[in-house]
Asks: 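Before we start, here is the structure in question, set down as structure tokens.
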Amino acid sequence: MTDPTPAPTTAGAGTPAPAPTPLPPRSPAEGPPDAGGTGPWGIPLPQEDGTVTLRVWRGDATAGQLVDYTLPAQDGEVVLDVVHRIQASVAPDLACRWNCKAGKCGSCSSEINGRPRLMCMTRVDELPEGPITVTPLRTFPILRDLVTDVSFNYEMAKQVPAFAPPPPPPDGYRMQQEDVQRGQEFRKCIECFLCQDVCHVIRDHEENKAQYAGPRFFIRYAELEMHPLDTNDRRELVRQRMGLSLCNITKCCTEVCPEHIKITDNAIIPLKERVVDSSYDPVAWLGRKILRRHKRSPDEATAEAP
Amino acid sequence: MTTVENPTVTHVALGGTRGGPDVPTLRRDRWWLQPLVTTTVLTAFVVYSTWAIFVNKDYYAGAALHRDLISPFYSPCITASCVPGTRGTAVVATWWHITPALLVMGGPLGFRLTCYYYRRAYYRGFWQSPPNCGVADGHRRYTGESRFPLILQNVHRYFFLIGLLFNTILTIDAVMAFRMPGGGGIGVSIGTLVLCVNAVLLWLYSLSCHAARHLCGGHVRSFSRHPVRYRLWKFLTPLNARHMQFAWASLVFVGLTDLYVRLVASGTITDLKLF
């Protein structure tokens, strides 16, 4: 959990926050706003008067509202840059979680113009003209301003039965390249939880949170189920307790993933098909009976978790 | 009917106050366009195909026109009420007296209804669950595909196999369309090409199906121990990435194929023989 205080670079330890310097209001005598505010290659800046306005959610669990901050636009900025400039100028108490500013830590997840995105990977000049709305992740309880309590995800992470390899052979485990490659995509996940945020199963239906792992953890379950050395069988677990059947594969998780993981096509649907094998396919059922194969119940699957 | 026999709940804090204004969406782009287009095209197809199925005429351009073109909606024509000359390999349903298309539409319809792509399309477009990403769900309660009737979506793999059967039949139709009965020998007309493209698109749609990818190799834990299945999976995976495109292209082209055959069979247009 990150302290919801301004980031160190803008209000670092021991460094007093700079005094707020709000822009003076434009008077009618100044004439029309600057025209032709464009970035590189003629990309229009968000506002033609050479300013950028961020409409930021300010508040906590008791109350909140959208507050407009208007600053001079700068070429090549991402939304996180503007948030930092707001912290450095007019609102040093604006709470925002961030870390790497390179799209790899997953900390600065928020909703920009209503779409879950990383603030550090969203260029201001690629957004449509007008105020840019920046709000906290909708699915999780708010702590303050843009910082939310994402502990739901950590609770769900605890429920995943860990990798369960067989006893190692004398010469050690061996994996072939094609088996390694298969799970590699899933390991790109940076745990930004944008997929969890956009998933309407919990975004719009709070009651489902108790029984729904969400796309991020379906990736994890799929990775384990596709691991050639894993011996556990989590199919009944994801069907009965992790809410796989609540997913109606609308692919929003794939659309928002900053790592471009094909969450739905490569993890959730293969997992659903494996659940069909274990629970809904009469031919597969017959095969299990003839070959005397046993599928593990949720309790058996979780019993082996360390 | 629920599918969960042994549920427990994870202890997560529920009901926390959420941030942001309490509005359905803050999106400023034209998020409504995608579900609108989806709904419009699917509705247009349903309306047209329903009409085409129940009109029960002009679905076959036969020897009188020196052609052998049958509408994909009516193939295989296996009822006693089929027009003479249609190539039902056997009249199976002698007891069926209404439109023959109704008897065979279940397979392709079931395949498309349970298709993972179409599910996304109609859940978003028609059911508004959700209309688009980051837009509020149109329903207060939500149980997904965990209960009847949506639990039946799990039969998709069986409809996939039925779909392969139909693809084979429509491929035979396309091959037979090279015949020009009534002394024309073998040739190629626009209608021949239309039926061929239709068959190719249907194969691409079927082979790019997620169930196909699973059955051919996706179900194994270790690719290295199943090299043949791995090769099949590798062949199907790039197709699977374009499943949406194939789904739309094949859907639209099935309708266009029916329309073309219908226009030729009714004498509205002449099927041009290319060579």
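All values reported here derive from a predicted model rather than from experimental measurement. Only this structure's heavy atoms are used, side chains among them; waters, hydrogens and symmetry mates stay out. Protein chains get the first letters and strands the later ones, always in sequence-line order, with residue 1 at the start of each.
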Asks: Report which part of B:V135 has an atom under 4.5 Å of a heavy atom belonging to chain A: side chain, backbone, both, or neither.
Replies: backbone
Asks: With a 4.5 angstrom heavy-atom cut-off, is it the side chain or the backbone of B:Y158 that approaches chain A, or both, or neither?
Replies: side chain
Asks: Taking B:R120 for the side chain and A:C252 for the main chain, is one N or O donor matched with an acceptor at less than 3.5 Å?
Replies: no
Asks: Heavy-atom distances under 4.5 Å only: say whether A:D230 touches chain B with side chain, backbone, both or neither.
Replies: both
Asks: Any donor-acceptor pair under 3.5 Å linking the side chain of A:R138 with the backbone of B:D22?
Replies: no
Asks: Less than 4.5 Å apart, side chain to side chain, heavy atoms only: is that true for B:H219 and A:D277?
Replies: yes
Asks: Tell me, side chain or backbone of B:H243 under 4.5 Å from chain A's heavy atoms, or both, or neither?
Replies: neither
Asks: Hey, is the main chain of B:G144 close enough, under 3.5 Å, to the side chain of A:N248 for a donor-acceptor pair?
Replies: no
Asks: Judged by atom type as modelled, is there a donor-acceptor pair below 3.5 Å linking the side chain of B:R157 to the main-chain atoms of A:E273?
Replies: yes
Asks: For A:R182, is it the side chain, the backbone, both, or neither that has a heavy atom closer than 4.5 Å to a heavy atom of chain B?
Replies: side chain
Asks: Sort A:L194 into side chain, backbone, both or neither according to what part of it lies under 4.5 angstrom from a heavy atom of chain B.
Replies: neither
Asks: Non-hydrogen atoms of chain A under 4.5 Å away: do they reach the side chain of B:S129, the backbone, both or neither?
Replies: both
Asks: Under 4.5 Å between any side-chain heavy atoms of B:R221 and A:M226, yes or no?
Replies: no
Asks: Quick one: does any side-chain atom of A:D204 pair with a main-chain N or O of B:D137 as donor and acceptor, under 3.5 Å?
Replies: yes
Asks: Identify which part of B:R225 has an atom lying under 4.5 Å from any heavy atom of chain A, answering side chain, backbone, both or neither.
Replies: side chain
Asks: Relative to chain B, which segment of A:L224 carries a heavy atom at a distance below 4.5 Å: side chain, backbone, both, or neither?
Replies: backbone
Asks: Checking heavy atoms, do the side chain of B:Y142, its backbone, both or neither come under 4.5 Å from chain A?
Replies: both
Asks: With a 4.5 angstrom heavy-atom cut-off, which part of A:T133 approaches chain B: side chain, backbone, both or neither?
Replies: side chain
Asks: Taking every non-hydrogen pair under 4.5 Å, which of B:V23, B:D29, B:V220, B:N132 racks up the most with chain A?
Replies: B:V220
Asks: Is the closest basic N to carboxylate O distance between A:E255 and B:R124 below 4.0 Å?
Replies: yes
Asks: Examine whether an atom of A:V275 lies under 4.5 Å from a heavy atom of chain B, and if so say whether it belongs to the side chain, the backbone or both; otherwise answer neither.
Replies: neither
Asks: Quick check: under 4.5 Å, non-hydrogen atoms only, which of residues 206-216 of chain B neighbour chain A?
Replies: B:H210, B:A211, B:R213, B:H214
Asks: Between B:G16, B:C133, B:A121, who has the most heavy-atom pairs with chain A when the cutoff is under 4.5 Å?
Replies: B:C133
Asks: Given that the side chain runs from C-beta out, which part of A:L66 has a heavy atom under 4.5 Å from chain B: side chain, backbone, both or neither?
Replies: side chain
Asks: Let me know if A:F140 has heavy atoms under 4.5 Å from chain B in its side chain, its backbone, both or neither.
Replies: backbone
Asks: Which answer fits A:Q65, side chain, backbone, both or neither, if we ask what part of it has an atom under 4.5 Å from a heavy atom of chain B?
Replies: neither
Asks: Identify whether the distance between the nearest side-chain nitrogen and carboxylate oxygen of A:E206 and B:R18 falls below 4.0 Å.
Replies: yes
Asks: Which one, A:V134, A:V283, A:I112, leads in non-hydrogen pairs under 4.5 Å with chain B?
Replies: A:V283
